[in-house]
Visitor: 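Following this message is one structure expressed as structure tokens.
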Amino acid sequence: MKNILSIQSHTVFGHAGNSAAEFPMRRMGANVWPLNTVQFSNHTQYGHWTGTVMPATHLTDIARGINDIDRLKTCDAVLSGYLGSAEQGEQILEIVRMVKAANPNAWYFCDPVMGHPEKGCIVAPGVAEFHRLYALPASDIIAPNLLELEILSGRSVASVDEAVQVSRELIAKGPKVVLVKHLARAGYRSDRFEMLLITADEAWHISRPLIDFGVRQPVGVGDLSSGLLLVDLLHGLSLQQSLEHVTAAVYEVMLKTHQMGEYELQLVAAQNAIAEPVQHFEAVKL
Ligand SMILES: Nc1ncnc2c1ncn2[C@@H]1O[C@H](COP(=O)(O)OP(=O)(O)O)[C@@H](O)[C@H]1O
Ligand SMILES: Cc1ncc(COP(=O)(O)O)c(C=O)c1O
Ligand SMILES: [Mg+2]
């Protein structure tokens, strides 16, 4: 069994952060150790929420406790996502160092959640800078959406070719794999949802249909995509197989959510389709 220390938000109601990633990762057969950066009533795109941002040292305190019982050496990957404060970022990198000291083969998978002015995802000040300056070089795999790719690289990205080029610039700074989770306006077509999976010498493109959710787009899609990709790669799937599985599984969740007329991702209802999607999309090597 693979063990994943997943450091993200927890929403008591609905699905974002760990509340979007934990169950699907388990459903795919990985052990998940959820470590929550915040405990909120609901995700921030509702516009208001209640709850608490964990003190930054709470994160290292928990990791130290796992080290004290000598289990950190069984951790195969640290996954980070939505942070409650920039200070938490420093502690997460300390945790990555602790895990890698205990298991030199462990990976650090960073989903650089930065907030989204148009969508209304709200993230604390300093978190974007933390991801650009410190998390990027420390990561083994990084999974930005288009805006995050532009902020990480300091470059504007208007096409698939540019996205590949800029991803390779990120790879030169640390990570070995870049997942561009949503190409949006930089994709080939405006009526498709497109992603890229890039290494130093491979680039894979995939696309699936867009579903009309109106103005209320479901949240947590990125968190779900990152979690599933990490499990697939840990299980030894190829880049192509992993990208195809993530795309189909997330599409199944989106379809189920739309069919049920819900705003929150219907992860439990779609669980069998996450594990064995009926949908299939082919990744194309660029
Ligand atoms: N098939 C689909 N049809 C319509 N919208 C989709 C589909 N798949 C994903 N989305 C939407 O695309 C957006 C992806 O968000 P984005 O900001 O690019 O990444 P992240 O989820 O990491 O924030 C989300 O708002 C999600 O609801
Ligand atoms: C608490 C919380 N966690 C995580 C996210 C990230 O969600 P997504 O996967 O859509 O980027 C959000 C977005 O609003 C959020 O409010
Ligand atoms: Mg995201």
Side-chain angles (χ1 to χ4, degrees), residues 6-22 24 34 36-54 79-85 88 110-124 127-128 131 142-152 157 163 179-187 189-196 206-229 246-259 262-267 279 281:
S6 181
I7 313 176
Q8 311 189 45
S9 48
H10 174 73
T11 57
V12 171
F13 172 81
H15 302 287
N18 267 333
S19 303
E22 189 182 324
N36 300 331
T37 53
V38 308
Q39 173 157 267
F40 287 169
S41 53
N42 50 268
H43 69 66
T44 60
Q45 278 163 241
Y46 284 90
H48 46 93
W49 65 91
T50 57
T52 303
V53 173
M54 299 302 164
L79 168 60
S80 72
Y82 185 99
L83 307 188
S85 68
Q88 287 184 348
C110 175
D111 185 336
V113 179
M114 290 182 187
H116 199 300
E118 292 147 49
K119 289 200 324 186
C121 171
I122 295 162
V123 176
V127 168
H131 280 121
I142 197 156
N145 60 31
L146 183 66
L147 278 180
E148 292 157 352
L149 180 66
E150 292 184 319
I151 292 168
L152 288 174
V157 176
L179 172 69
V180 182
K181 275 181 316 198
H182 181 19
L183 272 166
R185 61 180 150 74
R189 288 172 55 170
S190 58
D191 62 339
R192 305 277 294 180
F193 186 97
E194 302 176 37
M195 297 199 287
L196 289 173
I206 200 160
S207 98
R208 56 180 169 82
L210 279 172
I211 299 165
D212 186 8
F213 283 96
V215 287
R216 279 186 115 210
Q217 298 276 331
V219 171
V221 178
D223 309 326
L224 171 65
S225 308
S226 292
L228 291 176
L229 179 69
V246 171
T247 302
V250 174
Y251 186 60
E252 295 275 12
V253 173
M254 299 302 276
L255 275 180
K256 181 67 83 180
T257 303
H258 189 253
Q259 280 162 11
E262 294 285 350
Y263 174 45
E264 291 286 348
L265 294 177
Q266 294 303 301
L267 300 168
Q279 301 286 333
F281 303 99

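We count residues from 1, following the sequence as given. Both ligands and their constituent atoms are indexed starting at 1 by order of listing. Computed from a prediction, not measured in an experiment: that's the story for all the values here.
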Visitor: So is Tyr82 polar-close to ligand 2, meaning N/O to N/O under 3.5 Å?
Guide: no
Visitor: To the closest 0.5 Å, what do you measure between CE (Met114) and CD (Glu148)?
Guide: 5.5 Å
Visitor: Could you check if a side-chain atom of Thr257 sits within less than 4.5 angstrom of a side-chain atom of Phe213, using non-hydrogen atoms only?
Guide: yes
Visitor: Is there a nitrogen or oxygen of Gly220 sitting under 3.5 Å from a nitrogen or oxygen of ligand 2?
Guide: yes
Visitor: With atoms numbered from 1 as shown, which atoms in ligand 2 lie under 4.0 angstrom from a non-hydrogen atom of Gln45?
Guide: 13 (C), 14 (O)
Visitor: Give the contacting part of Leu210 toward ligand 1: side chain, backbone, both or neither, where contact means a heavy-atom distance below 4.0 Å.
Guide: both
Visitor: Which atoms from ligand 1 have a heavy atom of Gly222 less than 4.0 Å away?
Guide: 20 (P), 21 (O), 22 (O)
Visitor: Just by distance, do the side chain of Thr11 and the backbone of Ser19 share a donor-acceptor pair under 3.5 Å?
Guide: no
Visitor: Identify the heavy atoms of Ala163 and Leu183 that sit nearest to each other, and give their distance.
Guide: CB-CD2, 3.7 Å
Visitor: Taking the side chain as every heavy atom from C-beta outward, state whether Val12 and Ser41 have any atom pair closer than 4.5 Å.
Guide: no
Visitor: Okay, side chain of Glu150, backbone of Val157: is any donor-acceptor separation there less than 3.5 Å?
Guide: yes
Visitor: Could you list which atoms of ligand 2 come closer than 4.0 Å to a heavy atom of Val221?
Guide: 9 (O), 10 (O)
Visitor: What about Thr11: any of its N or O atoms under 3.5 Å from an N or O on ligand 2?
Guide: no
Visitor: Checking Arg216 against Tyr263: charged group under 6.0 Å from the ring centre and within 45 degrees of the axis?
Guide: yes
Visitor: Only heavy atoms of Gly17, strictly under 4.0 Å: list the atoms of ligand 2 that pass.
Guide: 3 (N), 4 (C)
Visitor: Looking at CG of Leu83 and CE of Met54, how far apart are the two atoms once the value is rounded to the nearest 0.5 Å?
Guide: 13.5 Å
Visitor: Considering the heavy atoms of His43, write down every atom of ligand 2 situated less than 4.0 Å from one of them.
Guide: 15 (C), 16 (O)
Visitor: With heavy atoms under 4.0 Å as the rule, classify the contact between Gln217 and ligand 1 as side chain, backbone, both or neither.
Guide: both
Visitor: Does the plane of the ring in Trp49 sit parallel, tilted or perpendicular to the ring in Phe40? Use 30° and 60° as the thresholds.
Guide: tilted
Visitor: Hey, is Pro218 one of the residues with a heavy atom under 4.0 angstrom from ligand 1?
Guide: yes
Visitor: Which one of Ile211, Asp111, Asp191, Thr247 has a non-hydrogen atom at the shortest distance from atom 4 (C) of ligand 1?
Guide: Ile211
Visitor: Quick check on contacts: which atoms of ligand 2 are under 4.0 angstrom from a heavy atom of Ser9?
Guide: 1 (C), 2 (C), 3 (N), 4 (C)
Visitor: Answer with side chain, backbone, both or neither: which part of Leu224 has a heavy atom less than 4.0 angstrom from an atom of ligand 2?
Guide: neither
Visitor: Look only at interatomic distance and state if Val219 has a nitrogen or oxygen under 3.5 Å from any nitrogen or oxygen of ligand 2.
Guide: no
Visitor: Heavy atoms only: which of Lys181, Gln45, His182, Glu148 lies closest to atom 18 (O) of ligand 1?
Guide: His182
Visitor: For Glu194, enumerate each residue passing the salt bridge (charged side-chain N to carboxylate O under 4.0 Å, His left out) test, keeping only those at least two apart in sequence or located in another chain.
Guide: none
Visitor: For Arg208, take its heavy atoms, then give the atoms of ligand 1 lying under 4.0 Å from any of them.
Guide: 1 (N), 2 (C), 7 (C), 8 (N), 9 (C)
Visitor: Could you tell me whether Asp223 and ligand 2 have an N or O pair separated by under 3.5 Å?
Guide: yes
Visitor: Quick one, Tyr251 and Ile211 - any side-chain contact, counting heavy atoms below 4.5 Å?
Guide: yes
Visitor: At a non-hydrogen distance cut-off of under 4.0 Å, which region of Pro209 contacts ligand 1 (side chain, backbone, both, or neither)?
Guide: backbone
Visitor: What atoms in ligand 2 come closer than 4.0 Å to a heavy atom of Gly222?
Guide: 9 (O)
Visitor: So, do His43 and Glu264 sit near enough that their side-chain heavy atoms are less than 4.5 Å apart?
Guide: yes
